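If you're wondering where the values come from, they're calculated on a predicted model, not measured in any experiment. For the single chain, residues carry numbers from 1 onward in sequence order.
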Amino acid sequence: MIELALPAGSLETALTAFSHGADAVYFGLKDFSARKGAVNFSLEDLSKIRRYSLENGKKTYITINTLIDDASVSRVTDLLDEIAFYGTDGIIIQDLGIADIIRKHYPTLPLHGSTQLAVHTSDGVKALQDLGFERVVLSRELNLKEIEKIRRECPDVELKVFIHGALCYGFSGLCSASAIKCSRSANGGECAQICRSWFTDERTGEKGYFFSMEDMMAGEKLKVLNEMGIDSAKVEGRLKAPEYVAAVTEYYRSILDKGRATLEEEDAVRTTFLRKSSDGYFSYKADRPYLLSGGYPGHMGLYVGTIEEEYGRDRIIRTEVPVEDHDGLQYFIENPSGLPEAVKFPATVKARTKNTLRLRIVSPERLKGKEIWKISDSTRREKTQSANIPLYRKPVDITVTLTDSEITAEALGKKVSKELKTEESKTPKDINELLKKTFSESGTSKYTLKNLNYRNCSSLKSPFLPPSFLKDLRRSFYQELDTVKPGRTEIAQPAQSSEGFILPDRELLSGDLPWSLEPKRIGERTYITLPPVTFNEEQTYRDALESVKGRTNVTIGLNNIAQIRFAKAHPEYDYFADIWFYVPNRFTAALLKREIPNLIGGYLWFERKEYSAWPWKPTVTDYEPPFFISRTCYRHDALGLPCKGCSKHEDYTLSQAPDTFTVKVRSCLTVMERNR
């Protein structure tokens with residue numbers, strides 16, 4: 001059965017998820033997590049959840065899903081040393097250089113490709129598989145047919161699919177809005193959620209949340225994923241409360257185990273946190289339902305009903321939704337900017353019948369006709385999970401050797417010996433079992449017994465070993481063993497070189513969109529740049545090859561992990577890492593050069609201007625990439641216009657002080673660039 005993987009912003013939330021039926025949780029540690037705003041896990045929390053998961057048959061996945069610059073690599077490896085001590089069922093990675101370090105130096109840590117890598121094709125999955133990844137988290141923009149195609153073409157790698165929670169407007173990993181607008185890097189875990197803010201359409205003067213996506217709620221589509229053989233289903237929400245995690249877990253657990261969820265379980269999900277929702281891109285096609293959340297970007301909750309009558313401050317609503325005193329409710333008004341604003345208030349129930357609710361709402365305004373939404377349930381308070389869990393003990397093989405004069409315990413290169421005058425036992429016992437029992441009780445040590453190897457090198461057949469003596473030996477031995485610290489792994493630096501091809505001004509490589517298959521002759525070279533998003537990958541490659549046919553000194557820009565396989569299949573051309581094939585550190589640079597021998601260079605990750613000691617010299621750029629690259633259509637999803645009559649080539653101008661933007665719709669793909 002498909003694995004149900006829930007988010008854990010804290011140890012308590014992880015335990016909540018497990019207690020309500022999650023098979024796995026994923027979480028970040030204090031650093032290098034794409035959700036810096038979450039509480040995240042300390043090493044002590046990691047120790048506890050690792051022990052809990054092993055003892056209860058659960059899985060834990062750790063996220064290091066940000067890009068890492070050279071100055072931070074040593075801190076990441078220190079963290080990996082600690083993680084390797086405790087172990088994990090998977091480590092979710094975005095940075096290819098860090099992935100290469102893990103593959104070479106931490107073979108016990110299974111590699112999982114983050115959704116931040118924007119993998120949306122079979123070649124993308126296979127490229128990561130070639131690099132040692134065991135599981136790939138697919139992009140959220142795929143429909144069910146596309147997911148099924150990838151599953152069919154990639155049968156021997158695990159696939160994880162997003163099923164519930166917030167959708168980003170832009171492809172994960174390709175969004176630059178937060179970094180450009182607020183100097184907060186989405187690829188560094190500090191997304192400012194620019195897509196949830198409002199813009200003005202300069203053509204109409206209308207203000208709106210044009211990029212605020214609906215939340216995803218896959219519902220029974222989860223069963224379809226299960227039937228097609230998807231390995232894991234991911235719920236978003238490491239910043240959400242335990243009540244959210246509990247409700248969502250119960251909802252999807254019922255769908256998997258019972259075939260469907262109850263109305264009460266669905267209502268609980270909508271009440272704890274949910275914007276306007278749909279099954280996201282699963283049903284993606286022309287003239288599909290709109291994917292944006294409409295006029296309000298926040299928690300909508302559960303629709304209660306519309307106020308039909310007013311008697312002073314008492315309002316009458318026809319509803320079958322249960323509402324209790326102190327439940328959270330809201331209605332909407334228009335703020336001075338002309339945008340909807342939520343008015344939140346605690347429920348005061350004055351009277352009710354089977355289908356009628358009388359609420360006391362303290363407001364001087366006329367509210368007849370207002371919709372009321374339930375945004376929290378006072379009866380649903382998740383009990384705080386006790387974090388009083390024993391710490392993880394690393395199992396080790398211990399050898400105990402007995403001679404006529406002493407007894408010795410040793411493991412991990414540590415040895416403790418004690419003098420002992422042996423004598424034959426009057427009541428023979430199984431010494432092996434006695435020692436197993438003794439060393440299994442490791443107290444507060446970081447270690448415990450895995451396998452015991454008892455060697456009797458004494459002259460006695462059944463020696464007497466006093467229990468108090470063995471306890472003293474055990475205590476001294478584990479004290480000595482605890483001096484063994486997780487070793488600092490020495491990472492060999494890639495060979496350094498000051499040579500490197502300096503690429504042209506990136507602006508010169510753009511066409512109508514920021515990439516172009518139209519050949520551009522600059523100096524002695526002919527350039528094309530592959531798009532970072534290629535849903536028809538085979539056709540894109542055919543078009544690319546046709547465009548450079550007969551041309552000399554062809555140099556091709558790579559913008560997605562999938563394109564490594566294209567480069568390997570066509571060694572007759574030169575290649576470079578383009579602006580969306582992020583190269584943030586020397587280890588990523590070395591990996592790309594190893595995988596693509598005819599790689600002549602690449603642009604440094606656009607959020608950085610400095611580098612040092614690289615295997616090739618990157619090109620530092622001032623180029624500003626688009627804010628968004630999205631599979632939604634601005635015309636259809638934001639403006640609500642039908643697909644019929646669309647030219648599939650339209651431009652719009654938006655503003656958000658102090659900037660203006662051009663929004664380009666090209667064949668159902670939307671790209672938004674800041675005007676400069």
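Side chain of Ser278 to backbone of Gly280: a donor-acceptor contact under 3.5 angstrom is found. Ser178 places a side-chain N or O within donor-acceptor distance of the main-chain N or O of Ala192, the cut-off being under 3.5 Å. Remark: the backbone N or O of Val224 is not paired with any side-chain donor or acceptor of Glu227 at under 3.5 angstrom. Here the side chain of Thr319 pairs a donor or acceptor atom with the backbone of Val304 at under 3.5 angstrom. Side-chain atoms of Arg152 never come within 3.5 Å of backbone atoms of Met228 as a donor-acceptor pair (strictly under, hydrogens ignored). Distance alone, capped at 3.5 Å, is enough to place a donor-acceptor pair between the Lys370 side chain and the Phe332 backbone. Checking side-chain atoms of Tyr652 against main-chain N and O of Phe661 turns up no donor-acceptor pair under 3.5 Å. Asp327 places a side-chain N or O within 3.5 Å of a backbone atom of Glu324 that can act as its donor or acceptor partner. Between the side chain of Ser630 and the backbone N or O of Gly170, no donor-acceptor pair lies under 3.5 Å. Between the side chain of Arg184 and the main chain of Glu190, a donor-acceptor pair closer than 3.5 Å is present.
Residues Val665 and Cys633 form a side-chain contact, since some pair of their non-hydrogen atoms from C-beta on lies under 4.5 Å apart. Inter-residue side-chain proximity for Trp580 and Pro626 is flagged as met; some heavy-atom pair is nearer than 4.5 Å. The shortest distance between side-chain heavy atoms of Ile102 and Ile98 falls below 4.5 Å. Under the 4.5 Å side-chain criterion, counting only non-hydrogen atoms from C-beta, Cys668 is not in contact with Arg631.
Taking the six-membered ring wherever Trp is involved, the centroid distance between the rings of Phe27 and Phe41 falls below 6.0 Å. The six-membered or imidazole ring of Tyr26 lies away from that of Tyr61, with a centre-to-centre distance of 6.0 Å or more. For Tyr296 and Tyr209, the distance between ring centers is not under 6.0 angstrom. Taking the centre of each ring, Tyr290 and His636 come in below the 6.0 Å mark.
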- prompt: Could you go step by step and tell me if Asp215 and Leu167 meet the side-chain contact (heavy atoms from CB on, under 4.5 Å) rule?
  reply: CA-CA 6 Å; Asp215 279 358; Leu167 289 169; over 6 Å; no
query: Going through the checks in order, is the side-chain hydrogen bond (donor to acceptor under 3.5 Å, both in side chains) test met by Glu371 and Thr306?
result: CA-CA 4 Å; Glu371 294 181 344; Thr306 300; 4.7 Å; no
message: Applying side-chain hydrogen bond (donor to acceptor under 3.5 Å, both in side chains) to Gln94 and Ser114, what does each step give before you reach the verdict?
response: CA-CA 5 Å; Gln94 176 186 14; Ser114 170; 5.8 Å; no
message: Thr16 vs Thr13, test: side-chain hydrogen bond (donor to acceptor under 3.5 Å, both in side chains). Steps then yes/no.
response: CA-CA 5 Å; Thr16 297; Thr13 308; 5.7 Å; no
- request: Applying side-chain contact (heavy atoms from CB on, under 4.5 Å), run through Thr66 and Asp95 and close with a yes or a no.
  value: CA-CA 7 Å; Thr66 58; Asp95 192 300; over 6 Å; no
task: Please test Leu359 against Thr348 for side-chain contact (heavy atoms from CB on, under 4.5 Å), starting from the C-alpha separation and ending with a verdict.
output: CA-CA 6 Å; Leu359 287 176; Thr348 302; over 6 Å; no
- prompt: Passes ring-ring contact (aromatic ring centres under 6.0 Å, His included), His112 versus Phe133? Steps please.
  reply: CA-CA 6 Å; His112 292 189; Phe133 285 78; 8.7 Å; no
- request: Take Ile316 and Thr356, measure what side-chain contact (heavy atoms from CB on, under 4.5 Å) needs, and give me the verdict at the end.
  value: CA-CA 7 Å; Ile316 307 299; Thr356 302; 3.5 Å; yes
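In this structure, Glu220 pairs ionically with Lys223, as a charged nitrogen and a carboxylate oxygen lie closer than 4.0 Å. Taking a cutoff of 4.0 Å between a charged side-chain nitrogen and a carboxylate oxygen, Glu650 and Arg635 qualify as a salt bridge. Using a 4.0 Å cut-off between a side-chain N of Lys or Arg and a carboxylate O of Asp or Glu, Asp45 and Arg50 do not qualify as a salt bridge. Remark: Glu308 engages Arg318 in a salt bridge, criterion side-chain N to carboxylate O under 4.0 Å. With respect to the salt-bridge test (charged N to carboxylate O, under 4.0 angstrom), the residues Glu537 and Arg565 do not qualify. Classification of Arg140 and Glu146 as a salt-bridged pair fails, no side-chain N sitting under 4.0 Å from a carboxylate O.
Each ring-ring contact (aromatic ring centres under 6.0 Å, His included) pair with one or both residues in residues 258-288, not counting sequence neighbours, appears once here: Phe273-His299, Tyr281-Tyr284.
Taking a 6.0 Å sphere around CD of Glu55, one finds it holds more than 12 heavy atoms contributed by other residues, nucleotides or ligands. By the neighbour-count criterion of 12 heavy atoms within 6.0 Å, atom NZ of Lys344 is densely surrounded, having more than that number from other residues, nucleotides or ligands.
When all heavy atoms of Leu174 and Pro532 are compared, the pair lying nearest together is CD1-CB, 4.0 Å. In terms of heavy atoms, Asp377 sits closest to Thr271 at N-CG2, 3.7 Å. When all heavy atoms of Pro346 and His326 are compared, the pair lying nearest together is CB-CA, 4.4 Å. Gly173 and Tyr582 make their closest contact through O-OH, 2.7 Å (heavy atoms, listed as atom of the first residue, atom of the second, distance). The shortest non-hydrogen separation linking Arg380 to Ala247 is NH2-CA, 3.2 Å. Closest of all the heavy-atom pairs between Val349 and Leu357 is CG1-CD1, 3.9 Å.
No option in Leu4, Ile2, Leu6 other than Leu4 meets the side-chain contact (heavy atoms from CB on, under 4.5 Å) test with Asp23. The salt bridge (charged side-chain N to carboxylate O under 4.0 Å, His left out) test with Asp231 singles out one residue from Lys160, Arg151, Arg135, Lys59, and that residue is Arg151. Considering Val157, Ile561, Asp130 in turn, Val157 is the only one that fulfils the side-chain contact (heavy atoms from CB on, under 4.5 Å) rule with Val125.
With 3.5 Å as the limit, one finds no donor-acceptor pair spanning the side chains of Glu206 and Thr200. Side-chain contact check for Arg270 and Ser277: at least one donor-acceptor pair (N or O, by modelled atom type) lies under 3.5 Å. There is a side-chain donor-acceptor pair under 3.5 Å between Ser212 and Ser293. With 3.5 Å as the limit, one finds no donor-acceptor pair spanning the side chains of Asp123 and Gln563.
Take His120 and apply the side-chain hydrogen bond (donor to acceptor under 3.5 Å, both in side chains) test, not counting sequence neighbours, and it matches no residue.
Between His164 and Tyr244, the two ring planes are tilted [angle within 30° to 60°]. In this pair, Phe210 and Tyr634 present their aromatic rings perpendicular. The plane angle is above 60°, beyond the 30 to 60° band. Between Phe628 and Tyr169, the angle of the ring planes goes over 60°, which puts this pair in the perpendicular group of the 30/60° scheme.
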